[in-house]
Every structure is written in C-alpha cells, then in structure tokens.
Amino acid sequence: MSNKAILLGNEAIARGIVEAGCEVAAAYPGTPSSEILPSIAKWADDLGTRTIVEWGANEKVAFEMAAAASFAGKRSCAVMKQVGLNVAADPFMSVSHFDIKGGFLLVAADDPGPHSSQTEQDSRFFAMFAKIPCFDPATAVEAKEMVFDAYDLSERHKIVTMLRPGVRVDHCRQDVELKDVIEISRPASFEKDPRRWVCLPASVRVNHPQLNAKREAIREEFETRFSRYNYEVPAKKKARLGVIAGGVSFSIVMDILKAWGADDISVLKIGTPHPLPLKMVEDFISRHDNVVVLEETYPVIEMQLNDRTKIKGRWNGWVPGAGELLPELIEEILCRVLGKEVPEGASAELKKAAEDLNITPRPPMLCPGCPHRASFFSIRQTLPKAIYPSDIGCYTLGVNQGMVDAVVDMGASITLASGLFMAYKADGKEQPIVATIGDSTFFHMGLPGLASAVYNKHIFVLVILDNSLTAMTGGQSHPGIGDKLRKGETGRRVDLEGAVKGCGVNWVKTTEAYDISTSRTLVKEAWEHAKAHEEPAVVIFRHPCMLLRQKQAVIPVTVDPEKCIGCKFCINFFNCPGLVFDEKSKKAYIDERFCVKCGVCINVCPHGAILATEGEEA
Amino acid sequence: MQYVIVGIGGQGILFTSRVLGHIALSRGERVVGSEVHGMAQRGGSVISHFKVGDYSSPMVKAKDADVLLAFDQNEAVRNLHFLKQGGHAIINTHDPAFIENPSLRKWMSDHGVTVHTVMGYDILKREMGGRFLFLNVLILGAMCGAGVGNVTIEEVREAVKVLAPAKFVEDNVKAVDLGYAGASR
C-alpha cells in the first residue's frame with residue numbers, strides 16, 4: 001500500500017526513520033529539529049512498531065543512548081539541532097571512530113539565517129571533522145529517501161551517518177509518498193569486545209586509519225552509486241555557467257532557471273557533501289569555464305576541492321560568508337556571475353510607505369499572559385542593580401524587559417553567574433546577581449553548574465522559570481514533567497526542588513509567577529540568604545506556559561486614561577503585546593487583539609491606571 | 001500558483017497553508033511550502049510560503065507571488081514586494097486609512113497590484129465573540145470573496161470541515177463565510 005500526504009519536512013524524515021525500521025530513537029528538542037521525535041512516536045503508533053522513542057535530558061544523553069542501542073545491534077537514531085551537536089560533540093567524535101553494529105543515523109538540523117539559534121554553524125563541517133558521511137537533502141521528499149540510504153550505508157560501513165536538513169527542509173511542507181514499514185528483525189545482542197566498544201588510545205591507533213579507509217570507500221560509492229542524489233542537470237545548449245549546489249540552494253536554483261527559461265546553465269547537484277565525490281565534481285569543473293558553488297552555510301564543498309581557481313564562491317567573495325541564501329540573493333549571485341543586470345531590490349515607494357505609516361518589523365516577544373514576563377518584572381523591581389545572566393529558551397526574550405544581560409548557551413546562566421561572582425570577588429566587591437533558567441534547560445545542562453556553584457560557595461540567586469514544559473520549541477516534555485511520547489507510556493517526574501537540594505542548595509522556595517508581591521519577597525529573602533550563608537539560593541517561579549492553554553482566572557483589564565500619565569513604565573518594564581502606547585494621546589491602552597486577560601498588569605502600573613473591568617466571563 | 005502568507009506569531013497562520021495544501025492534494029496537484037517555527041514564532045513577524053504546481057524550492061521569490069494573504073495590515077505593507085505584476089493582496093485591516101498612503105497608491109498602480117481589504121477583527125468581534133483565532137479561515141473566505149487564489153469557496157469549506165477539530169467545524173465554516181461576504185472586491 002502506498003499513499004500521499006502533505007508532510008512537514010520533519011514529519012517526512014520521521015516517517016523515513018520508522019519505515020526504515022529504526023527501533024531506538026532519542027532526541028532533545030531544538031528548532032528546527034523539534035518535530036522529528038514526536039513524529040517518530042506518532043508514525044510508530046500508527047504503524048504499530050515497537051520503536052522506543054525518548055527525549056533525553058540533553059543532546060549528549062540522547063546521542064549516547066542511541067549509540068549504545070546501535071552497539072547492541074539495533075537501528076537507532078539521535079536527533080538534534082546544530083548547536084545540540086556541540087553538546088553531543090564528545091560522544092559524536094568518539095563513536096565516529098567505532099565499528100558500530102546497528103545502523104546509526106544522526107539527524108543534525110541546521111538553521112542558516114539563523115531563525116532560532118545562537119549560531120548558523122554548518123553541521124556538514126562537523127561531519128567532515130568527524131570524518132563521517134553526510135547527506136544533505138534538497139527537499140522533504142529527498143530527505144525521507146536519504147534516511148533509507150543512510151541506514152544502509154551506516155550498516156555496511158559500520159559508521160555513524162549524518163542527515164543534515166536545513167531549516168527550509170525541516171519546515172517545508174510537501175506532498176510525500178508513504179510506504180508501509182520495512183520489517184527488520186535485529187534482536188538486541190551486545191557482544192562483549194573491549195577492543196571494539198572501549199575507546200582506549202590503543203584502539204584509536206587502529207580505528208583512526210580504519211576510519212580514513214572507510215571514508216575513502218564511501219567517497220568511492222558516492223562517486224558511482226548515488227546518482228539519485230549526486231547528478232548533473234545539463235544545459236540544453238553550450239553552458240556559459242556551471243552551478244554546483246547542495247541542500248535547498250539546489251531547489252532554489254532550479255526554480256530560478258526554470259522561471260528564466262535558461263538553456264545555457266548546467267547544474268551539478270551534490271546530495272552527499274562529505275566525503276565529496278571529488279572526481280565527479282572535478283570533471284564538472286573541467287568542462288566549465290565559469291563555476292559558482294552555492295551551499296549553506298560554510299564552504300564545505302568548496303574547501304574539499306584541490307583547485308579552486310575557476311570557482312566563484314565564498315573563498316573569493318562571490319557568495320556571502322554569512323546568512324541564509326534566500327532566493328533573491330541566489331538570483332543576484334547568478335546574475336553577477338553571468339554579468340547580467342541584477343534585478344532591482346527593495347522598492348523605494350514601499351519603503352517610503354512603511355516609513356510614513358510607522359511600520360517596522362515586529363521582533364519576537366513573550367506571549368501575552370506568559371508567566372516569564374511577570375517573573376522578570378518581579379526580579380527587576382526587587383534587585384534593580386543586579387546583573388542578570390540568562391539562558392536559552394523563550395525567556396531569552398526577557399531582553400525586551402532589560403532582564404537578560406548575557407546569554408551564551410544551554411545552562412550558562414548559572415556558570416556565568418558563577419564567573420561574574422568570581423570577578424567581583426577578586427576585587428572584594430559585593431554585586432547582586434540573579435540568573436534565570438528554564439525548567440527544561442535546568443535539567444539539560446544546569447545541574448553541573450549548580451553543583452559547582454554550591455561547592456565553590458558562589459553568592460547569587462538562581463531563578464528557575466518553571467512553566468512545566470520546553471516551551472520555545474513547541475511544548476515538549478522533559479524529566480521535570482515525566483510525560484512520554486509513545487501512546488500508553490508514562491514516565492516518572494523528577495522533582496525539581498529535590499534536584500536543586502540534591503546539588504547541595506540549602507535555600508529553595510517556590511512562588512506562583514503571577515503573584516508579584518510574594519515573588520518579590522522571596523527574591524529579596526533569597527539574596528539575603530545567599531549573602532549571609534555564602535551560597536547560591538534558588539527561587540522557583542511556577543506557572544504553566546500559555547501554550548498549554550490551562551484554565552486560569554479571566555481578568556479583563558482596561559487603562560484609565562485619567563490616571564495614565566504616559567510614563568511608559570508598563571511598556572518598558574512589562575513589555576506585553578496586549579499593552580500598547582498610543583503616540584497620539586500619549587496614553588497606554590489595551591490591544592484586545594492580543595490581550596489574554598491574565599490580569600497581571602494591574603499590579604504593574606505605579607499610578608494605578610490599569611484596572612480590572614467588571615463582569616464579562618469567558 | 002504561489003502564495004505568501006504573513007502575519008504575527010500566534011495568529012494561526014500555519015493552518016491557512018494546511019487548508020490550501022489539502023485542496024491542492026485533493027486535486028492531484030503537487031505542493032511545496034515553507035513555514036516558521038521556534039523563536040521567530042513568538043509574537044513577531046511571521047511568513048509562510050506556499051506553492052502549488054511543479055516547483056522544487058519551498059520559498060517564493062520576491063515579485064513572484066500571485067497572492068499575498070496578510071493577517072495584519074502592517075505586515076502586508078512590509079511584504080507587498082513579494083507580489084508579481086498584477087498580483088492580489090488580501091489584507092485583514094484594522095485601520096483602513098493606510099491604503100490612502102500616496103507612496104503605496106503609486107506602487108500599487110505601477111505594479112498593477114489589487115488590494116482587497118477585510119475588516120477581520122471587527123467582523124469576528126461582532127459575529128463571533130472576538131475569537132480572533134478564526135482569522136486564518138476568515139481570510140481564506142475573503143480570498144474567495146475577492147475572486148482570486150484559484151480555489152473556490154466550496155473547496156475551502158470542505159477542506160476546513162476535514163481539517164478543523166470536530167467541535168470547531170461549525171465555527172470555522174461560519175468564519176469562512178463571514179470572510180467571503182466581508183471582502184472588498
């Protein structure tokens with residue numbers, strides 16, 4: 001049986017993973033990869049497979065779980081975003097040297113742009129660093145097909161194999177063919193063999209040359225046996241330009257050439273950028289005088305070429321070294337390398353209209369009713385002179401409230417607080433510090449930093465913003481919640497307070513995030529305790545994420561224009577989409593298109609101008 | 001057929017392209033599109049691309065779109081450049097005065113672009129108790145009402161019946177019809 005459905009790229013990848021007989025799947029959510037694991041669970045439920053599907057507490061955990069399942073002979077996969085692979089880099093580099101057993105697919109989703117990340121690093125580069133093969137899909141359909149080949153290659157060469165979808169493949173929607181699951185029986189059977197499964201230096205001396213040999217054998221296969229991913233679209237006439245393209249850039253080029261009706265440009269599609277099928281690429285280059293390379297985000301194809309003299313690419317500035325290769329940009333690059341006139345850019349009239357009408361892009365903001373907004377407000381009102389290191393999650397948007405002073409990566413709010421404390425301690429100075437971290441991020445990488453801070457007697461307040469899910473990425477579970485993905489399966493909730501106390505923290509209290517008065521009291525107490533006892537103190541701010549749409553009190557509000565003095569305090573310190581400043585009347589007002597009637601802002605206005613309105617229940 | 005759908009994170013934009021996709025698939029056409037997820041979704045400007053026909057890339061290039069569906073008039077102005085010569089914009093409008101801006105007028109006439117406005121917020125406030133989440137289907141109704149977009153109101157109704165959660169089917173169909181009646185032609 002086969003049928004078609006319109007799937008998100010991530011759903012298509014997940015479908016491929018289940019159809020290919022993957023039995024152990026692990027991930028940590030992160031845009032643009034987040035939908036893959038829940039989709040694996042859904043397809044596995046639909047198709048009735050026995051696939052184990054689990055969130056790990058972080059990407060390293062997920063990678064190692066999946067790797068061990070492969071050691072035991074199962075087809076497995078680990079799924080993460082590009083910066084997640086930084087977290088999992090340690091096991092990734094190690095396991096890449098192993099002669100693994102069951103097929104092991106690593107899905108590393110990249111975010112050129114970036115749209116939702118702290119870097120726009122290129123995971124294909126990581127594949128090159130680890131010397132493992134990488135598939136770079138141009139469409140959702142191709143991504144799904146590549147999953148099967150990746151598993152096959154992984155098992156034949158006993159090597160970790162990477163699928164690297166970019167955000168435009170992850171979050172594209174396309175009609176995709178669905179097949180029934182392939183039955184694969186690979187009973188779990190871990191064969192004890194320390195030389196194979198223990199990464200002793202002595203093993204590496206054997207494994208590293210072997211890894212090099214695997215890479216060259218795979219390169220040879222990519223030259224000859226993968227023409228469905230690596231192929232030439234020849235020009236109808238003599239080619240004036242050769243384009244080498246991979247990933248979604250290839251799809252964009254093809255649509256542009258079609259729209260142009262171009263018959264004198266040939267294209268070489270590369271779906272396996274590492275190890276690069278060098279003979280194929282060099283042959284293509286030798287037949288063209290003018291060659292441009294389009295790939296995201298780093299020059300991975302380019303850098304593997306022995307001779308770049310004919311190439312127009314990143315090395316000589318024809319292709320920008322940062323940012324997403326959007327269709328308009330690719331068209332512009334093609335025009336430039338062809339010596340054609342570049343199409344006119346932004347229209348002056350539209351720019352003028354936007355200026356006249358005061359229209360600027362809307363930056364992302366915390367949702368109306370978001371508990372983080374109330375939490376940040378309480379903290380800033382209590383300790384206005386503090387330094388506020390924060391972390392990766394929705395709450396990074398607290399930057400709009402002046403409540404996020406430094407963010408580095410997952411878990412760094414706590415370690416940055418430690419480092420800042422140490423810097424001021426070296427001068428013998430007292431400096432209030434309040435770190436903020438989300439519940440999921442705390443379990444991800446907050447724990448080691450907190451244990452370290454307790455051990456070293458670091459004085460700061462740690463606020464855990466517990467909204468009971470991984471919100472930014474769309475609401476996934478984590479150890480602090482305990483839900484699991486497969487139907488009928490339940491996990492166990494790891495107690496957040498218990499975990500904090502287990503790290504050695506003596507002072508930990510919990511507050512309802514909407515309750516500004518109690519929250520302020522606790523933040524003050526926490527800081528006093530931290531100073532008096534030379535240790536970090538922890539306040540947990542709790543309120544469910546608005547995405548969970550849980551029932552809560554409905555408190556419609558209004559701004560009394562008589563009382564509003566136009567000071568913008570509510571705009572600058574509370575920053576809610578539902579609370580807007582009218583430049584004409586110089587008063588704040590409630591934008592009912594966005595207000596969710598949480599009522600928190602009533603306690604925000606210092607002039608008592610925000611009032612609950614009577615009646616009206618929803 | 002190339003559509004660009006713009007608005008503000010949280011307005012339920014993704015459902016609109018799902019409806020268009022369902023219709024295309026039931027006609028046996030190929031579709032490809034691009035969505036926004038993650039941080040960019042949180043209350044900021046969002047944009048979805050959707051293409052029906054023989055395309056490879058999920059993204060619509062500037063000056064290529066047949067139709068711009070805008071959930072917000074400000075986002076509409078910021079994204080009109082996606083429209084091709086002779087394209088149509090369907091704009092949910094809260095303050096119709098914007099359309100009188102002289103630069104905008106000039107651009108529209110130079111590019112043969114037609115703007116169809118629908119007072120979605122007013123309509124939903126008046127007819128559906130201010131449940132603004134129905135904008136995503138109302139705007140599809142408005143597109144049909146304006147006679148553009150290459151789908152019929154019947155197709156939209158049928159697709160919404162299949163795709164909407166059972167208890168909201170009636171409300172969704174109602175919003176489609178309200179948009180159909182409320183669009184300027």
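Predicted model only: the values in this text are computed from it and were never measured.
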Tell me, for [X] versus chain B, whether the close heavy atoms (under 4.5 Å) come from the side chain, the backbone, both or neither.
X      : answer
A/S249 : neither
A/P361 : both
A/A140 : neither
A/K258 : side chain
A/E142 : neither
A/V141 : side chain
A/I256 : side chain

Portion of [X] that has a non-hydrogen atom of chain A nearer than 4.5 angstrom:
X      : answer
B/N101 : side chain
B/D64  : neither
B/R105 : neither
B/D95  : neither
B/L133 : side chain
B/H94  : side chain

task = Provide the full list of ring-ring contact (aromatic ring centres under 6.0 Å, His included) pairs with a residue in residues 103-130 of chain B, sequence neighbours left out, each pair given once.
result = B/H88-B/H116, B/W107-B/H111, B/Y121-B/F132
message = Just to verify, what does B/H81 make a ring-ring contact (aromatic ring centres under 6.0 Å, His included) with, not counting sequence neighbours?
response = none
query = Using a cut-off of under 4.5 Å for heavy-atom pairs, which of B/H22, B/Q73, B/K63, B/M108 has the most such pairs with chain A?
reply = B/K63
message = Counting heavy-atom pairs closer than 4.5 Å to chain A, which one of B/P102, B/A62, B/S17 comes out on top?
response = B/A62
request  = Check step by step if side chain to side chain contact (heavy atoms under 4.5 Å, CB included) holds for B/E35 and A/L8.
outcome  = CA-CA 9 Å; B/E35 301 179 350; A/L8 201 61; 3.3 Å; yes
Using side-chain heavy atoms (C-beta onward) and a distance below 4.5 Å, is [X] in contact with [Y]?
X      : Y      : result
A/L350 : B/L104 : yes
B/M59  : A/L326 : yes
A/R593 : B/D72  : yes

Counting only heavy atoms not in [X] (residues, nucleotides, ligands), do more than 12 fall under 6.0 Å from its [atom1]?
X      : atom1 : answer
A/E344 : CD    : no
A/E341 : CD    : no
B/E170 : CD    : no

inquiry  = Using a 3.5 Å distance criterion without hydrogens, assess whether the side chain of B/K61 forms a donor-acceptor pair with backbone atoms of A/E331.
reply    = no
task = Kindly say whether B/V31 contributes a backbone atom to a donor-acceptor pair with the side chain of A/D175 at under 3.5 angstrom?
result = yes
ask   = Given the rule in the side chain to side chain contact (heavy atoms under 4.5 Å, CB included) test, do A/Q174 and B/R30 qualify, once you have shown the distances and angles that lead to the verdict?
value = CA-CA 8 Å; A/Q174 195 176 18; B/R30 303 219 58 183; 4.2 Å; yes
Just give me the residue among [options] that pairs up with chain B most often, heavy atom to heavy atom, under 4.5 Å.
options                : result
A/P363, A/P577, A/A138 : A/P363
A/E355, A/E592, A/M254 : A/E592
A/I252, A/V253, A/I359 : A/I359

ask   = Mind checking which of residues 142-156 of chain B sit less than 4.5 Å from chain A, heavy atom to heavy atom?
value = none
Should [X] and [Y] count as an ion pair when the cut-off is N to O under 4.0 Å?
X      : Y      : answer
B/K106 : A/E349 : yes
A/D255 : B/K51  : yes
B/E75  : A/R362 : no

key: Derivation and outcome, side chain to side chain contact (heavy atoms under 4.5 Å, CB included), residues A/F594 and B/I8   = CA-CA 10 Å; A/F594 302 108; B/I8 297 163; 3.8 Å; yes
key: Between CZ on residue A/F250 and OG on residue B/S57, distance to nearest 0.5 Å   = 11.5 Å
ask   = How many angstroms lie between CZ in B/F98 and CG in A/N358, if you round to the nearest 0.5 Å?
value = 15.0 Å
message = Holding to side-chain hydrogen bond (donor to acceptor under 3.5 Å, both in side chains), I want the full list of residues that pass it with A/Q118, two or more places apart in sequence or in another chain.
response = none
message = Would A/D356 and B/S103 count as a side chain to side chain contact (heavy atoms under 4.5 Å, CB included) here? Give the steps.
response = CA-CA 9 Å; A/D356 292 348; B/S103 304; 3.8 Å; yes
